[in-house]
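Following: one structure in structure tokens, then a few remarks.
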Amino acid sequence: MNHHFESTPIEIGVLMLPGQVPLDLAGPLQVLLSAEQLGAPIHLHFFGPQPSLPWLGAMQLSGIKPLPTEAIPLDLLLIPGQYRLQADERDQQLAIDWLKYQASASRTLMAVCSGALLLGRAGLLDGLRCTTHHALVDELQKLAPRARVRSDCIFTEDAHCLTSAGISTGIDTMLHWLGRTLGQHIAHQVARDLVLYWRRSGQEPQLSIWLEGRNHVDHRIHRLQDALAADLAHPWTLGEMATRSAMSERQLRRRFSALTGLSLMDYLMRLRLQLARQLMCETNWRLARIAEVSGFGDDRQLRRVWQRFESDSPAMWRRSRER
């Protein structure tokens with residue numbers, strides 16, 4: 001279904017550099033392509049110091065325009081990350097020099113993964129909250145000592161800069177920008193078209209409980225983990241979980257702990273706690289409602305579990321995310 005949009009084109013520039021991480025580029029571009037197919041008036045421009053780039057094996061990316069010598073108006077400038085060993089320092093410096101004067105003419109800057117390092121080297125993250133891949137956080141802080149670098153989220157937005165942790169999180173970040181620019185209904189439609197299981201808000205930790213404990217091949221445990229994540233408000237009993245995984249209760253407890261390194265009940269509590277954190281960031285609901293929706297029953301139980309994993313109170317944690 002096509003949506004009605006204003007005819008004013010949305011001008012988007014993409015910085016193209018050697019060593020481009022394929023999904024850093026293709027993920028956000030797929031979001032834009034899906035929006036374009038829904039009728040969004042998106043105009044893409046690809047800029048770089050080279051007219052073509054090697055990409056995947058023998059494949060070449062061509063049609064890249066030279067870096068403009070004067071700033072041009074852009075609604076969004078996308079800076080994908082590059083593999084460090086394949087990055088060309090001369091081209092990186094040319095890009096940094098260009099970013100310094102192009103940034104002021106770009107309504108939004110969006111860096112994916114190591115793209116944030118370019119913004120940091122250009123001095124464009126000073127005083128701003130930002131993030132990058134968890135393996136590069138320390139390097140970003142050294143390059144941009146005045147930036148407020150965070151390692152506990154998958155993307156950030158501060159002033160006119162969006163930064164993301166990289167790889168798949170570029171999709172989440174572009175969906176966020178799309179929703180802010182064209183409306184949440186468009187972002188939701190694109191997310192459905194891309195068959196995204198969980199549209200993330202940005203506040204999830206990079207190494208989160210949604211991924212932790214999934215690095216095994218037991219389909220019975222995976223089936224149970226999927227069921228728990230899909231209905232955290234349900235009052236799960238050990239008997240129900242054993243039935244869902246086709247094991248005895250004793251076998252389930254031992255097998256789950258051996259495969260995940262977590263007790264079954266700790267895993268369930270941490271899933272619920274992560275959902276509660278997300279709701280605290282995305283809604284203005286009272287803690288009692290958040291506790292009910294996330295499966296804790298009441299706010300007393302949520303606070304009790306919260307104290308096991310967090311040093312601050314729920315209210316203090318929530319305020320810290322609003323700054």
Side-chain angles (χ1 to χ4, degrees), residues 5-125 132 160-164 166-167 170-171 173-175 177-178 180-182 190:
F5 295 97
E6 294 183 5
S7 58
T8 305
I10 301 170
E11 303 293 345
I12 299 175
V14 184
L15 177 59
M16 305 291 291
L17 291 172
Q20 206 116 59
V21 178
L23 195 53
D24 280 6
L25 175 66
L29 290 185
Q30 182 60 58
V31 172
L32 295 174
L33 176 61
S34 295
E36 188 178 32
Q37 290 173 339
L38 293 170
I42 290 171
H43 287 190
L44 285 169
H45 309 271
F46 298 90
F47 303 113
Q50 300 182 24
S52 64
L53 295 174
W55 203 48
L56 290 173
M59 288 180 61
Q60 291 276 326
L61 297 177
S62 59
I64 302 171
K65 302 175 185 176
L67 296 172
T69 56
E70 295 183 0
I72 60 172
L74 292 173
D75 295 290
L76 174 69
L77 176 57
L78 174 66
I79 303 106
Q82 302 89 45
Y83 290 117
R84 311 304 303 288
L85 296 178
Q86 299 176 26
D88 182 277
E89 182 56 33
R90 177 181 174 278
D91 287 340
Q92 295 258 313
Q93 189 59 56
L94 289 172
I96 291 165
D97 293 341
W98 178 65
L99 286 170
K100 288 179 179 179
Y101 63 82
Q102 175 58 44
S104 61
S106 303
R107 184 170 297 175
T108 300
L109 301 173
M110 181 186 298
V112 182
C113 195
S114 64
L117 302 183
L118 293 175
L119 294 184
R121 290 176 63 182
L124 298 172
L125 296 177
T132 187
H160 73 309
C161 283
L162 284 159
T163 55
S164 77
I167 313 298
I171 297 174
T173 313
M174 187 60 80
L175 280 169
W177 176 84
L178 190 68
R180 178 165 57 73
T181 305
L182 294 178
V190 169

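Side chains included, hydrogens not; waters and symmetry mates left out as well; all remaining heavy atoms used.
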State the [atom1]-[atom2] distance between [X] and [Y], to the nearest 0.5 angstrom.
| X | Y | atom1 | atom2 | result |
| --- | --- | --- | --- | --- |
| Arg107 | Thr181 | CZ | OG1 | 8.5 Å |
| Ile171 | Leu178 | CD1 | CG | 13.0 Å |
| Gln50 | Asp91 | CD | CG | 4.5 Å |
| Leu67 | Met16 | CG | CE | 11.5 Å |
| Asp24 | Ser114 | CG | OG | 6.5 Å |
| Leu182 | Ile42 | CG | CD1 | 6.5 Å |

Does a side-chain heavy-atom distance below 4.5 Å link [X] with [Y]?
| X | Y | result |
| --- | --- | --- |
| Trp55 | Leu25 | yes |
| Pro54 | Met59 | no |
| Thr8 | Pro41 | no |
| Thr173 | Val112 | no |
| Gln93 | Arg121 | yes |
| Leu118 | Trp98 | no |
| Leu17 | Ile79 | no |

If every non-hydrogen atom of [X] is compared with every non-hydrogen atom of [Y], which pair is closest and at what distance?
| X | Y | result |
| --- | --- | --- |
| Gly170 | Pro28 | O-CG, 3.7 Å |
| Ile64 | Ser52 | CD1-CA, 4.1 Å |
| Ser34 | Val190 | CB-CG1, 3.8 Å |
| Cys161 | Leu125 | SG-CD2, 4.3 Å |
| Leu15 | Ala95 | CD2-CB, 3.9 Å |
| Gln92 | Ala87 | NE2-CB, 3.7 Å |

**Asked** Are more than 12 heavy atoms from other residues, nucleotides or ligands located less than 6.0 Å from atom CD of Glu70?
**Response**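 Incorrect, the count does not exceed 12.
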
**Asked** Should we say atom CZ of Arg180 is surrounded by more than 12 heavy atoms from elsewhere, each under 6.0 Å from it?
**Response** yes

**Message:** Is there a side-chain contact (heavy atoms from CB on, under 4.5 Å) between Met174 and Leu32? Walk through the geometry before answering.
**Reply:** CA-CA 8 Å; Met174 187 60 80; Leu32 295 174; 3.8 Å; yes

Sidechain-backbone polar pair: [X] side chain, [Y] backbone, donor-acceptor under 3.5 Å:
| X | Y | answer |
| --- | --- | --- |
| Thr132 | Cys113 | yes |
| Asp75 | Glu11 | yes |
| Gln82 | Pro80 | yes |

**Message:** Using 30° and 60° as the class boundaries, would you call the ring planes of Phe47 and His45 parallel, tilted or perpendicular?
**Reply:**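 Phe47 and His45: parallel rings.
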
**Request:** Check the pair Trp177, Leu78 against side-chain contact (heavy atoms from CB on, under 4.5 Å), reporting the backbone distance first and the verdict last.
**Result:** CA-CA 11 Å; Trp177 176 84; Leu78 174 66; over 6 Å; no

**Passing option when Leu44 is tested against Leu29, Leu76, Leu33 for side-chain contact (heavy atoms from CB on, under 4.5 Å)** =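 So, applying the side-chain contact (heavy atoms from CB on, under 4.5 Å) to Leu44 and each of Leu29, Leu76, Leu33, only Leu29 qualifies.
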
